[in-house]
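The block underneath contains the structure these notes are about, expressed in structure tokens.
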Amino acid sequence: MTVRVRFSPAPTGFLHVGSARSALFNWLYARKTSGTFILRIEDTDVDRSRPELIENIRDSLRWLGLDWDEEYRQSERFDHYLAVVEGFLERGQAYYCDCSQDQVRARVGENAGYDSHCRDRNVSKPADGDGRVVVRFRTPHEGVTGWDDLIRGRVEFENSVIEDFVIVRSNGVPMFHLANAYDDFDMGITHVIRGEDLVNTVPRVLLLLDALGAIEPPHYAHLPLIVNEQRKKLSKRRDDVSVSDYTDRGYLPEAMRNYLVTLGWGAKDDIEIRPIDEIIERFDLADINRAPAFFDIRKLDHFNGEYIRMLDLEAFIDESRPFAGPVDDKLYRRLAPFVQERVRRYDEIPALIAWVVGEPPEPDEKDWRKVMGRDDVPKVLDLVLERLVTVAWEPEALADTVLGAGEALGTKSQLPVRMAVTGRRSGLPLFEPMAELDRSIVLERIRKARGRLD
RNA sequence: GCCCCCAUCGUUCAGCGGCCUAGGACGCCUGCCUUUCACGCAGGUAACACGGGUUCAAAUCCCGUUGGGGGUGCCA
């Protein structure tokens with residue numbers, strides 16, 4: 001039996017990292033088993049779905065390197081779902097219901113579900129455009145519905161807690177459970193891999209699948225949720241975690257993908273950062289964790305830094321150039337080797353090279369005092385200033401001059417000069433970038449700093 | 001309220017009855033390297049939620065407690 005899995009996002013927002021991780025695990029499993037990975041857009045909710053977001057989802061998936069083999073949109077398959085409903089209605093597996101939500105609440109209170117009020121009332125088929133009548137699925141009130149989850153083990157629900165749920169809205173549009181069950185059946189899905197937030201929809205789908213005549217439902221594997229610091233499910237509003245945010249900030253897709261894999265799964269040999277082929281080879285659904293995992297940006301940053309440093313210089317230059325800002329290409333090429341070792345994200349680059357490209361930033365007060373507060377700094381700057389006027393303008397000579405001035409005075413000179421020229425106490429190596437600046441500019445910056453000391 | 005799930009260092013993963021005086025990674029701290037920072041290297045810090053069982057033996061199995069989370073829509 002060949003594996004068929006699907007990633008089925010609803011296009012109601014940008015693709016976020018939780019969904020991306022679900023997509024990734026589906027993809028990993030498909031690639032590991034030489035199976036088929038399907039992208040199925042679940043856009044049955046015509047009011048909430050934003051067709052333009054489908055492109056964002058596809059782009060994000062492609063960015064992560066998750067290629068799919070087949071693609072479907074549920075909005076194009078409504079006639080299938082509705083035909084199924086006709087059959088249910090004929091066989092008495094579903095029925096029309098004209099209860100308003102207020103009426104139901106009035107009967108059962110706040111905390112109960114639907115009370116099966118219309119089960120045997122024979123509400124007739126609504127006239128076109130009626131807009132009040134829904135179709136509900138007749139669920140058994142006794143027994144249990146359960147499955148052996150590949151990650152969580154046996155999960156069971158008492159049928160008595162499964163209400164007669166809606167399968168067609170009053171506007172005639174089919175609901176998620178129905179479309180989901182039908183498509184999984186129709187598309188021959190063998191494994192359903194998705195977030196834990198969907199576990200309690202499984203019994204309904206299982207019941208539907210049975211009514212559909214499915215002999216064998218797919219295997220289910222519910223992934224632990226990805227959570228924020230408050231240990232709550234990552235949410236679009238609270239946590240701003242769409243994949244596109246990360247592409248914008250200069251994360252490498254390979255780093256993001258690799259990091260996402262470590263949330264809920266780990267290789268037995270303890271190696272976390274490794275090529276995707278090795279991950280595919282070692283990945284297995286049965287080894288996935290059950291506990292929620294915190295999305296730790298600091299660790300993502302570390303992964304990203306590792307991946308940046310793995311790049312060969314040319315690739316680094318090409319990839320990072322768009323993030324570097326207004327800097328001459330040739331100059332950027334010369335700075336790149338120093339930059340590559342120091343950044344964890346591409347969006348850190350402009351700040352790092354700012355003093356070479358344009359004006360140095362205003363120094364931080366505390367750092368300034370710490371570096372420039374020493375009594376010998378004025379003497380050092382004076383001597384450096386004097387010697388810099390005539391020195392050959394190339395890195396080695398600059399280093400000799402600046403460092404030599406310090407030695408001549410029995411002190412350290414690199415930090416004060418760095419602070420004067422770059423406005424920071426840390427950053428790129430000093431002399432190579434400094435040689436890129438005009439002599440007059442460097443002298444001017446040091447004079448200005450010297451002036452502040454009086 | 002009701003239903004479902006979860007529980008190893010601050011975080012993340014390893015551990016699936018003895019190899020555990022619990023391991024890797026991130027973070028943090030220390031040292032080395034060094035023109036600063038970073039990189040790299042070498043160390044260090046820090047956890048089996050609690051209580052009962054089962055067993056010769058439990059982080060690993062069972063039950064309970066506590067604590068978290070998810071769901072409870074004519075969203076998915």
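Being a predicted model, the structure only gives us computed values, none of them experimental. Residue numbers begin at 1 in each chain, while the letters A, B, ... track the order of the sequences.
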Which residues share a ring-ring contact (aromatic ring centres under 6.0 Å, His included) with A/F25, sequence neighbours left out: A/F283
Throw together a table of side-chain donor-acceptor distances under 3.5 angstrom for residues 265-278 of chain A, partners on residues two or more places apart or in other chains.
{"residue": "A/K268", "atom": "NZ", "partner": "A/D287", "partner atom": "OD1", "Å": "3.4"}
{"residue": "A/D269", "atom": "OD1", "partner": "A/I271", "partner atom": "N", "Å": "3.0"}
{"residue": "A/D269", "atom": "OD1", "partner": "A/R274", "partner atom": "NH1", "Å": "3.0"}
{"residue": "A/D269", "atom": "OD2", "partner": "A/R274", "partner atom": "NH1", "Å": "3.3"}
{"residue": "A/D269", "atom": "OD2", "partner": "A/R274", "partner atom": "NH2", "Å": "3.0"}
{"residue": "A/D269", "atom": "OD2", "partner": "A/R282", "partner atom": "NH1", "Å": "3.0"}
{"residue": "A/E272", "atom": "OE1", "partner": "A/K299", "partner atom": "NZ", "Å": "3.3"}
{"residue": "A/E272", "atom": "OE2", "partner": "A/K299", "partner atom": "NZ", "Å": "3.0"}
{"residue": "A/R274", "atom": "NE", "partner": "A/E278", "partner atom": "OE1", "Å": "2.8"}
{"residue": "A/R274", "atom": "NH1", "partner": "A/I271", "partner atom": "O", "Å": "3.3"}
{"residue": "A/R274", "atom": "NH2", "partner": "A/E278", "partner atom": "OE1", "Å": "3.0"}

Please list each protein N or O that sits under 3.5 Å from an N or O in nucleotides 40-45 of chain B, with the distance.
{"residue": "B/G40", "atom": "OP1", "partner": "A/E306", "partner atom": "OE2", "Å": "3.4"}

Side chain to side chain contact (heavy atoms under 4.5 Å, CB included) partners of A/S160, counting only residues at least two apart: A/E158
So what does A/L430 hit on the nucleic acid, given a heavy-atom distance under 4.0 Å: a base, only sugar-phosphate, or nothing? base
Non-neighbouring partners of A/E319 that pass side chain to side chain contact (heavy atoms under 4.5 Å, CB included), sequence neighbours left out: A/L252, A/L311, A/Y346
RNA chain B contacts made by residues 340-357 of chain A, counting heavy atoms under 4.0 Å: A/E341, A/R342, A/R344
How would you summarise protein contacts on nucleotides 69-76 of chain B per nucleotide, using B for base, S for sugar-phosphate only and - for none, with heavy-atom distances below 4.0 Å? SBS-BBBB
For A/Q93, side chain to side chain donor-acceptor pair (under 3.5 Å) partners two or more places apart: A/R91
Nucleotides 15-21 of chain B: protein proximity per nucleotide (B base, S sugar-phosphate only, - neither; heavy atom, under 4.0 Å): SB-----
For residues 221-235 of chain A, which residue pairs qualify under salt bridge (charged side-chain N to carboxylate O under 4.0 Å, His left out), counting only residues two or more places apart or in two chains? A/D197-A/K233
Tabulate below the donor-acceptor pairs under 3.5 Å that side-chain atoms of residues 174-183 of chain A make, not counting sequence neighbours, or state none.
{"residue": "A/N180", "atom": "OD1", "partner": "A/R6", "partner atom": "NH2", "Å": "3.3"}
{"residue": "A/N180", "atom": "ND2", "partner": "A/E42", "partner atom": "OE1", "Å": "3.2"}
{"residue": "A/N180", "atom": "ND2", "partner": "A/E42", "partner atom": "OE2", "Å": "3.3"}
{"residue": "A/D183", "atom": "OD1", "partner": "A/R77", "partner atom": "NE", "Å": "2.9"}
{"residue": "A/D183", "atom": "OD1", "partner": "A/R77", "partner atom": "NH2", "Å": "2.8"}
{"residue": "A/D183", "atom": "OD1", "partner": "A/Y81", "partner atom": "OH", "Å": "3.3"}
{"residue": "A/D183", "atom": "OD2", "partner": "A/Q74", "partner atom": "NE2", "Å": "2.9"}
{"residue": "A/D183", "atom": "OD2", "partner": "A/Y81", "partner atom": "OH", "Å": "2.6"}

I'd like to check the side chain to side chain donor-acceptor pair (under 3.5 Å) partners of A/R119; sequence neighbours left out, ordered by chain and number. A/H141, A/D164
